[in-house]
Structure formats: structure tokens, C-alpha cells
Amino acid sequence: MSLSRRDVLRAGLLASGSLLLPRWARADESLFSTAAFPSPFLRPFVAELPIPPIPRQAAPFATMRQVPAGAVYHEIRGRAGLHRYHPDLPLTSVWGYEDVNGAGGSPITPGPTFVSREGTPMVVRFRNELPPNHIGFGAPNMAIHRHGGEQSSEDDGYPTDLFRPGESRDYVWNEFQHFDEPRETQSLLWYHDHVVDFTSQNVYRGMAGFFLRYSDRDPGDENDPRGLRLPSAPYDIGLAFQDRRFAPDGSLVYDVFDHNGFLGDTFLVNGAINPFMRVKRRKYRFRMLCGSNARYYQMFLSTGQPFTVIGTEGGLLERPLQSPSISMAPGERYDVILDFSSYPQGAEIVMENRLEQKSGRGPDGPAAFGTPIMKFIVDGNAPDNSVIPFQLRPPFRPDPFPPTTRRIFEFGRSKGGWVVNGQLWDENRVLATPRLDDVEIWTLRNGGGGWHHPVHIHLTLSQILSRNGRPPAPIDAGMRDMVNLGPGDEVDVRVQFQKFRGRYVFHCHNVEHEDMAMMARFDTI
Ligand code: C2O
Ligand code: CU
Ligand code: CU
């Protein structure tokens with residue numbers, strides 16, 4: 001029923017044409033050509049920013065999995081449903097996640113926001129209730145990857161470890177305590193579908209959500225004097241940036257033949273088109289996630305106010321830094337603080353993207369005009385006990401031993417698709433076998449052609465040691481799990497795989513590149 005890009009590749013249909021294929025496979029379900037019809041114009045700032053709810057705890061259930069002590073349980077179902085992207089747009093058929101113990105109704109996209117505490121593991125049962133006879137883009141199989149998480153191979157959403165409609169799978173998400181390892185102070189993870197060949201299509205349909213992690217140092221309570229006192233709930237908010245195309249009937253437009261990276265012309269935050277958010281005159285912590293398939297962003301505030309960056313994917317920076325803009329590649333996250341206290345009541349601040357991008361190749365450079373993404377409206381006062389600490393964590397300690405192994409991976413274009421070291425993804429081909437706890441250096445190299453590749457390595461966090469022979473910029477100097485490779489880039493990263501032996505993947509997070517085979521397996525031994 002579903003058509004993957006690699007099916008197309010295997011069938012040799014790339015050149016001979018999509019005419020041999022069923023009509024639905026060629027473009028979107030409503031058969032508007034993506035090139036000929038832009039999305040309908042929708043007034044900005046009329047939808048309020050949705051904040052995906054935290055799932056309720058489930059009663060402990062019987063599971064075949066070994067459950068770590070003290071685990072909390074959740075139960076989520078993946079379903080098809082109708083979603084309101086904008087008040088003026090008809091309802092859209094999407095796939096999303098729904099908390100089985102929640103208020104009910106329909107699945108949401110982004111899905112429920114998991115919140116965990118370091119040291120408290122979670123067991124999550126995901127039920128696949130997607131339509132088995134689905135027609136259109138996407139495949140109704142599920143594999144859940146908690147991106148940024150340190151989890152066993154079977155809990156990692158390995159792309160072929162998928163479960164089908166009517167089946168369920170229990171994921172054990174461990175939460176190791178890292179207080180003696182300042183490299184690992186993770187705070188903003190996310191989860192998304194990772195089904196082999198269909199990650200791009202399924203994520204585009206809605207299968208993604210936030211996962212926030214707190215720790216003793218970052219307890220999520222600005223009033224707790226033992227912690228860092230960063231702005232906390234309800235002033236700690238995830239913002240997922242995505243782009244989509246819509247037909248006039250509200251349906252999602254997608255092109256399964258775009259192997260370069262599908263771009264939308266309409267911008268969502270947390271599943272709403274150009275939303276607004278009412279903010280108090282105080283500090284907020286925003287977890288910015290680029291959840292787009294292939295779109296890069298450079299976000300500015302219309303008032304010129306800079307962002308105070310406190311962290312990236314792998315946790316907190318050593319010190320906060322001020323940045324006039326936030327540049328984001330697919331899969332990247334930025335943990336920032338914005339202070340609205342100096343604005344008058346009623347002030348409006350627009351977040352806009354000033355990066356031009358015309359194709360999946362990557363950004364073209366600064367745009368002549370900013371594209372509005374969302375708007376903050378200053379509305380009232382609220383107490384603020386949060387602080388922006390001078391230091392967020394101790395500096396990284398040098399490794400006691402030199403790295404044991406150096407591996408080189410080149411991300412390029414070949415064989416009619418996208419390759420790592422000349423190879424298309426093959427679940428049985430192992431490109432590396434790092435030993436647990438060894439410190440290794442991986443050289444990630446852009447294979448050329450002017451393409452951008454945002455690279456993600458599972459299981460470990462990456463520390464950028466050098467980019468093109470130079471030390472990383474301050475914003476790149478914390479722990480990350482994304483390493484963007486711009487044209488000509490060669491980046492050395494320190495990796496150290498720990499705790500779990502098994503098979504994992506690393507891949508380009510331009511998810512059309514990933515599905516068109518820019519992914520490789522490594523086994524920790
Ligand atoms: Cu966010 Cu392997 O992916
Ligand atoms: Cu990951
Ligand atoms: Cu790529």
C-alpha cells in the first residue's frame with residue numbers, strides 16, 4: 001500500500017517516470033501538484049500557540065520487558081485523526097499520538113510532552129492504531145525513537161524494529177543519573193517515528209513530540225534554591241518549528257518523489273500555523289526544536305532583542321551566551337531564555353525566519369524579507385524568581401586517555417541516492433563496531449555538491465572538537481546530538497558509547513536523505 005523512495009529506486013522508476021505508478025503515489029491525496037499550487041494564504045497570528053499536554057501516569061501494566069525499579073508507566077496510541085492547523089483551514093487528516101489515560105478525543109501533533117526526572121525511568125507502551133489499509137503517503141507502521149536518549153538497542157526505535165497496526169510495543173526509557181559527569185546534562189530531547197524508509201513521510205504526517213528531562217541541577221523549579229533556578233513551568237515551553245504544504249481542502253501535500261528534502265511554504269509552531277502566544281512581563285525558557293524534514297531556519301525577534309542561549313541538544317552550555325539569532329538545522333534543539341519584562345503591556349514581538357531556502361540542498365543565505373513564524377503578545381505581569389546563572393555547569397574534564405580509534409564517515413550522493421562512505425543503508429551492513437566506554441573520534445565529512453547534511457548519531461552525545469580544523473564556535477561547544485555539515489565541512493567529534501551493546505544507527509536528519517538511504521548501522525560491542 002505504501003511506497004517508499006527505495007522501492008522507487010529499486011524499481012528503476014526514477015527516470016522512466018512516475019506515470020507508471022498509481023495516481024495517489026505521485027503527490028498528495030488531493031492530487032494538487034506541489035509545484036503548481038502554493039498553500040492557501042492564511043492570516044498569521046490568529047491561532048493560539050498549542051502547548052502539548054503531559055501524559056498522565058498509567059497504572060503499572062504487565063510487560064515482557066524487564067522494568068527498572070521505580071519506573072513510571074505511560075500508555076500512548078498512534079492514530080489517525082483530524083487536526084486544526086488554522087481557524088481558516090478545513091480540518092486536516094493527520095497521524096498523531098494520544099495519551100490513552102488522557103482526556104480523550106483525537107490524537108495530537110506534536111504528541112504529548114513527556115517529562116522525566118534524571119534517575120526515574122519510564123516504561124511507555126505504544127499501541128499502533130494507525131489505519132491498516134492506509135492509502136497515500138506514509139506507512140502505518142511504528143518505531144519510536146527517543147532522539148537524544150541513551151537506551152538499549154531494542155528501545156531505540158531501530159528502523160526495522162517496527163510494529164504494525166493492531167500491535168503494541170513497550171519501550172523502557174532509562175534515566176541515568178549523571179551528576180558526576182558534567183558532559184551529560186541533557187534537558188531537551190524529542191521522540192519521533194523512525195520506521196525504515198518512511199521516517200520522512202510519517203513525521204510529516206505528525207508523528208513527533210517533545211521529551212523534557214530534569215535533573216537535580218536543573219530541577220524545573222525556579223524556586224528551588226538547590227537548582228539553577230531557570231524559568232520553570234508554566235514559563236518553560238517547547239516550540240517545535242515545522243513547515244508544511246496544504247491543499248485548499250486542508251489536506252497535507254507531500255511529494256514522495258522529492259528525494260532532496262521536502263520543503264513546505266507554511267510555517268507551524270507546535271502544530272499551529274503562525275500562532276500567537278500571550279506572555280507575561282518576565283523571563284521564559286523556550287525549548288526550540290527544528291522538527292522540519294529538510295528546512296533550516298535563522299530566527300530573529302522583530303525588536304532586535306537577542307536570545308540568551310543556555311543549552312543545545314546534549315545539555316547546558318558552560319555559560320549562557322547572547323545571540324542575535326538562532327540558526328537551526330533539522331533535528332537541532334536550542335534551549336534559550338527570553339525576558340519580556342522590559343516591554344510595555346500590549347507589546348507585540350514577532351519571531352521571524354530570515355533564512356532563504358529554495359530546495360532540500362540547504363539554506364541559500366540571508367533572505368531579503370523575514371518570514372513571520374509566531375508572535376508574542378505582552379499581556380500582564382507575573383512574579384519571576386528565575387535567574388540566568390553566570391555558570392551553568394563545570395567545564396568538561398579532559399579525557400584521562402587519548403582516543404582509541406578514529407573513524408571517518410563521508411556523507412555523499414551516489415548510486416541514485418544518498419550514501420555514507422559510498423554505501424546506501426542496509427540493515428545488515430555494519431559500518432563501525434565501537435567498544436563500550438572507549439573514547440573515539442569520528443570525522444564527519446561532507447561529500448560535496450553544495451549539500452547540507454545534519455548528522456545524528458544515536459546512543460551517544462557528540463562533543464565537537466574541531467570544525468574545519470578550527471575549534472568550535474561557543475554555541476557548538478557544549479554536548480550535542482546533531483552535527484550539521486555545511487558544504488565542504490569536516491567535523492571531528494568525540495563520541496563515547498556507554499551502557500548498551502547492540503545495533504544502532506547514525507544518519508542524516510534531512511529525513512528525505514535518511515529515507516533515501518543516508519543512514520548506517522553501527523554495533524556497540
Ligand atoms: Cu531524530 Cu535517528 O533520529
Ligand atoms: Cu537519536
Ligand atoms: Cu543529508
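Order of listing sets the numbers, starting from 1, for every ligand and every atom in it. Everything quoted here is computed from the prediction, not taken from an experiment.
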**Message:** A cation-pi test, strictly: NZ or CZ of R287 under 6.0 Å from the centre of the six-membered ring of F210 and no more than 45 degrees from its axis. Yes or no?
**Reply:** no
**Message:** For a quick check under 3.5 Å, do Y334 and E332 share a side-chain donor-acceptor pair by atom type?
**Reply:** yes
**Request:** Answer yes if the side chains of H147 and D481 hold a donor-acceptor pair under 3.5 Å, and no otherwise.
**Result:** yes
Name every donor-acceptor pair, under 3.5 Å, that has one atom in a side chain of residues 137-144 and the other anywhere in the protein, sequence neighbours excluded.
none

**Prompt:** Would you say H509 has an N, O or S atom lying under 2.8 Å from atom 1 (Cu) of ligand 1?
**Reply:** yes
**Request:** Tell me, please, if H147 has any N/O/S atom, main chain or side chain, under 2.8 Å from atom 1 (Cu) of ligand 1?
**Result:** yes
**Message:** Just by distance, no angles: are the side chains of T63 and Y73 close enough, under 3.5 Å, to form a donor-acceptor pair?
**Reply:** no
**Request:** Flag this pair as yes if the NZ/CZ of R213 is under 6.0 angstrom from the six-membered ring centre of F211 and inside a 45 degree cone about the axis; otherwise no.
**Result:** no
**Asked** So, is the end of the R501 side chain (NZ or CZ) under 6.0 Å from the ring centre of F497 and within 45° of the ring's axis?
**Response** no
**Shell of protein N/O/S atoms around the Cu ion (ligand 3), taken as anything under 2.8 Å** = H453 ND1, C508 SG, H513 ND1
**Asked** Between N260 and S359, does any side-chain donor sit less than 3.5 Å from a side-chain acceptor?
**Response** no
**Prompt:** Between N293 and S200, do the side chains contain an N or O donor and an N or O acceptor separated by less than 3.5 Å?
**Reply:** no
**Fill in**
Per residue H192, nearest N, O or S atom to atom 1 (Cu) of ligand 1 is named NE2
**Request:** Sorted by first residue and then second, give each salt bridge (Lys or Arg N to Asp or Glu O under 4.0 Å) pair with at least one member in residues 136-146; sequence neighbours left out.
**Result:** R146-E175
**Request:** Would you verify whether the NZ or CZ of R79 falls within 45 degrees of the ring axis of W95 while also being under 6.0 Å from that six-membered ring's centre?
**Result:** no
**Item:** Polar protein atoms near the Cu ion (ligand 2) [N, O or S; cut-off under 2.8 Å]
**Value:** H145 NE2, H456 NE2
